[in-house]
Number of protein chains: 2
Amino acid sequence: MSLTLDPHAMGWLIRKLESITPLSDLDRRAIESLSVSIRRFEPRQDIVRDQDRPSQCCLVLQGWVHRYKLLDEGRRQIVSFHVPGDMPDLQSLHLRVMDHSVATLTACTLAFIPHEHVRDLLLRFPSLSEAMWRDTLIDAAIFREWLTGVGRRSSHARIAHLFCEMYVKLEAVGLAKDHRCSWPLTQGDLADALGLSNVHVNRVLQDLRGQGLITLRGGMLTFEDWPALSRLAEFDPTYLHLDRREAA
Amino acid sequence: MSLTLDPHAMGWLIRKLESITPLSDLDRRAIESLSVSIRRFEPRQDIVRDQDRPSQCCLVLQGWVHRYKLLDEGRRQIVSFHVPGDMPDLQSLHLRVMDHSVATLTACTLAFIPHEHVRDLLLRFPSLSEAMWRDTLIDAAIFREWLTGVGRRSSHARIAHLFCEMYVKLEAVGLAKDHRCSWPLTQGDLADALGLSNVHVNRVLQDLRGQGLITLRGGMLTFEDWPALSRLAEFDPTYLHLDRREAA
DNA sequence: CGCCTAGTTGACCAGGTTCAACAACGGTGG
DNA sequence: CCACCGTTGTTGAACCTGGTCAACTAGGCG
């Protein structure tokens with residue numbers, strides 16, 4: 001649990017930031033020089049809780065993480081999913097009190113970086129400050145898209161949309177290709193993210209499978225017909241604000 | 001339309017930022033020294049459109065503004081409402097392409113500040129950079145709360161929650177008190193913000209009026225029973241991250 | 001006065017929820 | 001190796017919140 005230098009761990013963060021903005025060699029080296037402490041977590045374990053005042057940020061190295069809010073009578077709203085490279089509570093840097101919880105979905109490896117170190121880094125490297133601010137802005141853009149989905153999209157489109165979104169995010173950091181990716185969410189998780197009941201999620205999934213759009217089995221998701229699915233979802237990845245220089 | 005120095009205009013921004021974080025004299029004077037161009041807008045006029053690449057940020061000086069996304073078949077999702085002191089497209093500073101539109105709700109007065117001036121200001125005053133980053137993070141926190149509402153709250157609670165939220169925001173910049181505030185939204189706007197139909201909004205409003213919780217007439221909203229309404233809404237203002245030093 | 005927008009009402013309808021029971025799966029311990 | 005158990009997934013039936021459509025009313029403004 002001591003602070004260690006682990007350039008391999010920081011590689012995830014570099015790759016993630018480079019998926020949304022260009023970094024200089026200097027930036028990369030600055031990130032690599034961060035001391036972090038690495039911790040393993042069980043599946044479904046809280047990392048930070050609503051009302052906490054964290055003094056460090058976490059970086060996902062392995063596994064999936066989610067953020068959620070709890071309401072009365074056990075109602076839960078999941079507000080985001082995170083994969084390696086993401087810093088799910090970067091915001092705690094400037095928002096003292098947590099207004100939601102962060103927890104693992106699968107078994108995870110996380111790196112923790114004290115706020116002071118991050119603050120120091122950002123003061124010394126304004127370009128990194130910009131990159132991380134940008135990251136939190138993309139986070140917000142995804143919230144807007146989810147809000148739009150829950151507010152105005154059919155249950156079919158909502159589920160399809162989340163599939164597309166996560167695939168594109170995973171692909172951007174090299175964790176998915178060929179329209180296949182791992183899918184560790186339960187139907188209950190999906191329901192709580194999309195404002196549906198788990199029964200209904202189950203029925204829509206069967207329908208999407210029946211239409212030959214996806215295969216979902218054993219924690220693996222395959223897009224059998226990406227064009228049809230993304231059309232059904234009205235999926236337009238602009239809101240993810242990826243920096244696709246290679247696509248030019 | 002020329003750039004002018006207008007400390008009075010910038011007063012709104014100062015008041016807004018001070019509602020969420022302390023500012024130094026230096027910070028305040030730096031903001032006041034910004035050159036801005038002031039423009040008036042008609043009600044329901046677009047300010048920035050989806051897919052645009054704005055080169056300036058706007059600051060609301062008068063009136064209400066909203067942000068929205070358009071889907072097929074005329075479906076609309078409103079993702080936020082903004083009041084004087086807010087900078088609804090501050091994010092465009094780091095997100096080149098708009099993923100939604102910004103438009104007025106009422107007649108408005110807006111100040112425009114070129115991105116370069118803002119960038120320059122933030123580089124010279126890291127504390128302002130922090131304050132504005134924090135502002136965008138609170139923006140995101142509000143998205144999360146809306147998402148939770150649309151996903152998991154009843155229509156009654158959703159409407160009540162929005163009433164509470166806007167009142168607290170207005171009160172924080174001195175635009176509301178005594179549980180009364182102006183309310184320029186149509187029932188259709190409310191519906192598109194909350195993922196409901198306007199017919200249903202109409203019925204819920206009548207119900208809230210019937211229960212003696214609110215009065216809503218002639219663009220004026222009165223909370224007749226704040227405790228009951230905020231309880232119904234499960235409203236907890238933590239997510240607004242206001243800096244309530246005076247409340248200590 | 002007349003027009004346009006916003007608000008209101010009723011009747012009908014449907015997407016999605018709830019409840020309850022059961023099946024499939026994976027991991028654990030005997 | 002198998003029996004057991006908890007979790008996740010699946011199914012059916014009844015129900016209900018909220019949507020749709022269509023008509024009508026009330027204000028606000030030129």
Integer-rounded Å distance: [N] [atom2] and [X] [atom1]:
| X | N | atom1 | atom2 | value |
| --- | --- | --- | --- | --- |
| A:Arg217 | C:dG26 | CZ | P | 11 Å |
| B:Glu73 | D:dG19 | CD | C1' | 14 Å |
| B:Gln187 | D:dG19 | CD | C1' | 16 Å |
| A:His156 | C:dA14 | NE2 | P | 16 Å |
| A:Arg44 | D:dG6 | CZ | C1' | 14 Å |
| B:Leu216 | C:dA6 | CG | C1' | 12 Å |
| A:Arg152 | C:dG15 | CZ | P | 16 Å |
| B:Arg153 | C:dT17 | CZ | P | 17 Å |

Task: Side-chain donor or acceptor of A:Tyr167 paired with backbone N/O of A:His179 under 3.5 Å - done: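 Yes; at least one donor-acceptor contact below 3.5 Å.
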Task: B:Thr104 side chain to B:Arg44 backbone, donor-acceptor under 3.5 Å - done: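 Side chain of B:Thr104 to backbone of B:Arg44: a pair is present.
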Any carboxylate oxygen within less than 4.0 angstrom of a Lys/Arg side-chain nitrogen, looking at [X] and [Y]?
| X | Y | value |
| --- | --- | --- |
| B:Glu224 | B:Arg180 | no |
| B:Glu73 | A:Arg152 | no |
| A:Arg67 | A:Asp139 | yes |

TODO: Step through it carefully: locate the ring centre of B:Phe81, locate the ring centre of B:Trp146, and say whether they are under 6.0 Å apart.
DONE: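 Between B:Trp146 and B:Phe81, which both carry aromatic rings, the centre distance is below 6.0 Å.
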TODO: Step through it carefully: locate the ring centre of B:Tyr239, locate the ring centre of B:His161, and say whether they are under 6.0 Å apart.
DONE: yes
Atom pairs under 3.5 Å, N or O on each side, protein against nucleotides 24-30 of chain D: can you list them with distances?
none

Task: Neighbours of DNA chain D within residues 195-212 of chain B, by heavy-atom distance under 4.0 Å - done: B:Gly195, B:Leu196, B:Ser197, B:Val199, B:His200, B:Arg203
TODO: Give me the one residue out of A:His66, A:Lys69, A:Arg76 that meets side chain to side chain donor-acceptor pair (under 3.5 Å) with A:Asp192.
DONE: A:Arg76
Open item on the list: Reading DNA chain D from 5' onward, which residue's closest nucleotide shows up sooner: A:Leu185 or B:Arg158?
Closed with: A:Leu185
Please list, one pair per line, the donor and acceptor atoms closer than 3.5 Å that link side chains of residues 50-59 of chain A to other protein atoms, with sequence neighbours excluded.
| unit_1 | atom_1 | unit_2 | atom_2 | d |
| --- | --- | --- | --- | --- |
| A:Asp50 | OD1 | A:His100 | N | 3.4 |
| A:Asp52 | OD2 | A:Arg49 | N | 2.8 |

